[in-house]
K.L.:
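Input: one structure, supplied below.
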Amino acid sequence: MNNTEEKVRVRIAPSPSGNLHIGTARTALFNYLFAKKTGGKYVLRIEDTDLDRSSEAYKQNIFDSLKALGLNWDEGPDVGGNYGPYKQSERFDIYPKFAQMLIDKGYAYECFCSNEDLDEEHRIAEQKKIPYKYSRKCLNLTKEEKDALKAKGIVPSIRFKVEAKELIFNDLVKGELKFDTGLIGDFAIMKSNGTPTYNFAVVVDDMLMEITHVIRGEDHISNTPKQILIYEALGAKVPKFGHLGMILAPDRSKLSKRHGATAVSDFIKEGYLTDALLNFVALLGWAPSDGVEIKNVDEIAADFRINEVSSSNSIFEYEKLNWMNGQYIKKMDISKLTDLALPFLNKYNTSKYSRKQLEHIIEVTREPITLLKDLEFDTQYFFEEPDYTEVKDLLNSELSQEVLSKFKEDIKNYDFKNEQDIHDKLAEFRTFFKENKGYKPKETMWAIRAALTGRTRGANMVAIIQILGKDEVLKRLNNI
Ligand code: GLU
């Protein structure tokens with residue numbers, strides 16, 4: 001970027017009317033990546049003008065989820081910045097001034113129509129089977145007529161006067177887009193309660209916050225012509241727009257809770273790692289140039305180009321996310337992973353183990369899991385008595401009885417502090433039964449595993465024996 005080019009400023013503008021959706025997280029990530037790549041600023045603005053639907057708890061969830069993903073903002077409600085306030089509800093005094101300016105310049109007008117009047121207009125349009133457009137009933141009211149209506153206590157809304165024309169803009173993702181603004185109809189910019197509509201507030205804020213690129217979901221494409229008309233009327237520079245394809249469920253319907261988690265906080269609760277989630281979400285519309293999909297956010301930023309983002313919809317493959325999460329779990333630093341894993345083990349008394357032992361437990365159980373919540377089941381026998389229901393027959397077999405009765409004696413001579421010793425002695429044990437009885441090594445081991453864990457599969461036996469310790473191993477063998 002040379003000095004004559006403007007400094008990139010992007011924003012993410014969630015409405016706190018729900019927990020942070022994974023789609024909004026993707027939008028946040030692409031804005032973040034674009035800012036990182038261009039050395040620009042990434043701004044968080046909370047769009048809470050709809051006070052009935054907004055809540056403090058959702059706002060907090062948005063903050064926490066974005067932070068958990070590492071998508072920290074340069075400017076925002078909590079960190080401040082030179083373009084604040086960053087919460088629309090704290091900007092209510094700003095919008096009427098600009099609405100008045102548009103009225104003064106002839107781009108907007110007061111509308112006294114009641115909801116009933118407008119419902120009636122909608123009904124007639126429906127009856128005639130024509131697309132609805134406001135009738136412009138209030139466009140040419142005289143000052144006297146307006147004063148008379150106001151004297152009756154009717155508070156007007158403010159409508160933007162849409163001139164019919166062909167509006168063309170070059171979308172960063174979708175390329176050239178054309179609209180016939182004649183189809184739009186005059187739309188409200190201020191409600192009669194004095195609050196701005198979304199389309200107006202977003203333009204005023206993006207203008208005042210000097211946002212250069214608006215990167216958001218394509219569900220906003222139909223708003224863009226309205227917003228461009230407002231920019232033009234305000235005499236403001238129109239930012240560049242980039243509309244990302246939607247994220248669909250595997251069945252190609254809108255992603256919803258019936259498909260699985262949709263809020264970032266729910267994914268985290270299920271045991272998805274935020275790094276895996278972020279990596280996966282980046283692949284919804286973006287593809288790495290070297291084909292290597294597992295990448296951290298810095299590597300993704302280095303390779304990210306907004307104009308290469310796919311303009312089509314992406315499918316949210318939960319199975320692929322699970323696979324990717326498993327990959328991250330396998331590779332994660334064990335201490336960090338243990339920190340993240342412990343909340344998923346809170347039904348157990350984990351304090352009976354040292355931190356080092358807990359790390360060992362996680363280390364030997366992480367291999368096959370895809371979600372941290374799987375650890376609860378997979379580590380059960382380290383914390384509680386095993387459940388023998390599934391292995392009853394196995395334990396009652398003659399082979400098992402024989403193996404376990406010798407094991408009970410031999411184990412007394414194992415050096416529990418020495419993993420190699422446990423390993424070697426187990427090997428000798430298997431060889432003994434193979435040579436003397438013809439038992440397959442895996443049959444011998446099944447009997448031991450079943451007795452100590454109640455399962456036929458699980459973590460490495462040497463590790464299990466060492467972690468349980470001599471007393472617990474003997475106790476379990478004696479209980480069989
Ligand atoms: N508050 C809007 C939303 O959550 C933001 C739209 C925009 O980015 O302009 O969808």
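No hydrogens, no waters, no symmetry mates; every other heavy atom, side chains included, goes into these values. Indexing begins at 1, ligand by ligand and atom by atom, following the structure's order.
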K.L.:
For ligand 1, which atoms sit closer than 4.0 Å to a heavy atom of V202?
P.N.:
9 (O)
K.L.:
What is the nearest protein non-hydrogen atom to atom 10 (O) of ligand 1, stated with its residue, atom name and distance?
P.N.:
H220 NE2, 2.8 Å
K.L.:
Taking the six-membered ring of Y83, is NZ or CZ of R11 closer than 6.0 Å to its centre and within 45° of its axis?
P.N.:
no
K.L.:
I'd like to know if R258 pairs up with D251 as an ion pair, taking the criterion as any Lys NZ or Arg NE/NH1/NH2 lying under 4.0 Å from an Asp or Glu carboxylate oxygen.
P.N.:
yes
K.L.:
Who's the nearest protein heavy-atom neighbour of atom 8 (O) of ligand 1, and how far?
P.N.:
R11 NH1, 2.6 Å
K.L.:
Can you pull out the closest protein heavy atom to atom 5 (C) of ligand 1? Residue, atom name and distance to 0.1 Å, please.
P.N.:
A13 O, 3.1 Å
K.L.:
Going by the atom numbers of ligand 1, which of them fall below 4.0 Å from some non-hydrogen atom of R216?
P.N.:
7 (C), 8 (O), 9 (O)
K.L.:
Run the numbers for me: atoms of ligand 1, each under 4.0 Å from some heavy atom of E47, listed by number.
P.N.:
1 (N), 2 (C), 5 (C)
K.L.:
Would you say Y58 has more than 12 foreign heavy atoms packed within less than 6.0 Å of its OH?
P.N.:
no
K.L.:
Tell me which one of Y134, Y132, F160, Y109 satisfies ring pair (Phe, Tyr, Trp, His ring centres under 6.0 Å) with F187.
P.N.:
F160
K.L.:
Please determine whether a side-chain nitrogen of the Lys or Arg among K336 and D275 lies less than 4.0 Å from a carboxylate oxygen of the Asp or Glu.
P.N.:
no
